[in-house]
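Notes for the one structure printed next.
All values reported here derive from a predicted model rather than from experimental measurement.
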Amino acid sequence: MIGKYLRPVFTKIITPIAKGLLKIGVTPNMMTVFGTVLNSVLAIYFFAISGHLIIGALVLGALVFVDMIDGAMAREIGSGTPFGAVLDASLDRIADGAIFGSIFWWIMMNRPGDYALMVATLITLVFSGVISYTKARAEASGIPITVGIIERPERLIISLVAVELTGLALHFGVGWLVYAIHVAMWILAVGSVITVLQRLLAVYKHP
């Protein structure tokens with residue numbers, strides 16, 4: 001949903017970068033792998049290892065642009081390949097797993113008794129993959145899927161903003177703001193379950 005409105009704005013920014021990378025011989029698939037490795041390594045370092053939530057959320061938020069460059073590069077050369085599409089979708093799941101897995105690890109280490117938050121984060125982690133799978137499986141059966149209140153842009157924006165706010169709350173001692181991550185994870189958990197149900201219902205109703 002959010003991505004539909006933000007993508008045109010981001011595209012205007014990253015298109016010149018995509019053109020420049022193509023000129024020096026970088027391929028879309030190379031950018032896909034690079035972006036996934038960079039996202040995963042930084043998520044693990046900032047969230048799971050060092051616990052630097054503020055800088056981590058900012059850096060990973062900025063990397064949203066990197067994640068979109070491969071698609072812009074594919075459009076510049078005419079179209080992507082089936083392998084490129086599968087590679088991109090597969091590596092996105094790895095990047096999502098690294099981000100939410102690292103957030104979960106931070107919660108275990110810093111909020112060991114907060115089981116409700118752990119459950120919400122695990123639901124989000126699991127269903128982030130199921131959301132993508134239901135769409136891919138339906139489209140492989142010839143059923144287009146356009147519904148879903150929580151997709152990848154929503155997951156990244158909501159989670160990273162919440163992590164940023166939580167980091168600021170801990171740094172400046174703003175007690176009530178620490179609950180930003182609780183609110184965000186439950187929004188994502190419930191929204192992700194609803195999205196899967198929406199897509200299953202769309203397939204069920206398809207003639």
4.5 Å side-chain heavy-atom contact, Asp67 and Asp92:
yes
Supply the atom-to-atom distance Asn110 CG to Trp105 CH2, rounded to the nearest 0.5 angstrom.
11.5 Å
Ring geometry between Tyr45 and His52 (parallel below 30°, tilted from 30 to 60°, perpendicular above 60°):
perpendicular
Find out whether Leu201 and Val147 are in side-chain contact, i.e. whether some heavy atom of one side chain is under 4.5 Å from a heavy atom of the other.
no
Cluster check Phe100, Tyr133: I/L/V/M/F/W/Y, side chain < 4.5 angstrom:
no
Tabulate below the donor-acceptor pairs under 3.5 Å that side-chain atoms of residues 176-193 make, not counting sequence neighbours, or state none.
{"unit_1": "His182", "atom_1": "NE2", "unit_2": "Asp114", "atom_2": "OD2", "d": "2.5"}
{"unit_1": "Ser192", "atom_1": "OG", "unit_2": "Leu188", "atom_2": "O", "d": "2.6"}

Taking atom types as modelled, find out whether Arg199 and Thr195 have a side-chain donor-acceptor pair closer than 3.5 angstrom.
no
Pairwise distance CZ(Phe46) to CD1(Ile55) - rounded to 0.5 angstrom
5.5 Å
Taking all heavy atoms of Ala74 and all of Pro28, pick out the closest pair and write down the distance.
N-CG, 3.9 Å
Can you hop from Leu42 to Met68 via hydrophobic side chains spaced under 4.5 Å?
yes
CE of Met73 to CG of Leu22: how many Å apart, nearest 0.5 Å?
4.0 Å
Report yes if the side chains of Phe47 and Val163 come closer than 4.5 Å at any heavy-atom pair, otherwise no.
yes
Looking at every heavy atom in both Leu125 and Gly97, which two are closest together, and how far apart are they?
CD1-CA, 3.7 Å
Any side-chain heavy-atom pair from Ser132 and Glu151 closer than 4.5 angstrom?
no
Evaluate the criterion side chain to side chain contact (heavy atoms under 4.5 Å, CB included) for residue pair Leu168 and Val174; output intermediate values, then yes/no.
CA-CA 8 Å; Leu168 291 171; Val174 185; over 6 Å; no
Please determine whether residues Val203 and Leu200 belong to a single hydrophobic cluster, defined as Ile, Leu, Val, Met, Phe, Trp and Tyr linked transitively by side-chain heavy-atom distances below 4.5 Å.
no
Heavy atoms, side chains only, cut-off 4.5 Å: are Thr124 and Phe104 in contact?
no
Are the side chains of Ile145 and Thr134 in contact, using a 4.5 Å heavy-atom criterion?
no
If you measure from NZ on Lys19 to CD1 on Ile77, what distance do you get to the nearest 0.5 Å?
13.5 Å
Separation between OG (Ser128) and CD1 (Ile99), nearest 0.5 Å, reads 9.5 Å
Does Val33 sit in a hydrophobic cluster with other residues, and if so which ones, taking ILVMFWY side chains as linked at heavy-atom separations under 4.5 Å, directly or through other members?
Val37, Val41, Phe83, Leu87, Leu91, Ile94
Note: Ser159 and Leu156 closest approach over all heavy atoms is OG-O, 3.2 Å
Here the gap from Ile44 atom CD1 to Ser50 atom OG, rounded to the nearest 0.5 Å, amounts to 11.5 Å
Contact summary for Met118 and Pro112, nearest pair of heavy atoms
CE-O, 3.3 Å
With side chain to side chain contact (heavy atoms under 4.5 Å, CB included) as the criterion, how do Arg93 and Arg152 come out once you've worked through the C-alpha distance, each side chain's angles and the decisive distance to 0.1 Å?
CA-CA 10 Å; Arg93 305 291 76 74; Arg152 192 162 192 257; 3.6 Å; yes
Against Asp70, only a single residue in Val26, Asn29, Thr32 fulfils side-chain contact (heavy atoms from CB on, under 4.5 Å); can you say which?
Thr32
Hey, does the side chain of Gln198 reach the backbone of Ile149 with a donor-acceptor pair shorter than 3.5 angstrom?
yes
Would a 4.5 Å heavy-atom cut-off, applied to side chains only, mark Leu170 and Ile54 as touching?
no
Please check this pair: side chain of Asn39 against backbone of Gly35, looking for a donor-acceptor N/O pair closer than 3.5 Å.
yes
Side-chain heavy-atom pair Ile150, Ile194 within 4.5 angstrom cut-off
no
Please determine whether residues Tyr204 and Leu197 belong to a single hydrophobic cluster, defined as Ile, Leu, Val, Met, Phe, Trp and Tyr linked transitively by side-chain heavy-atom distances below 4.5 Å.
no
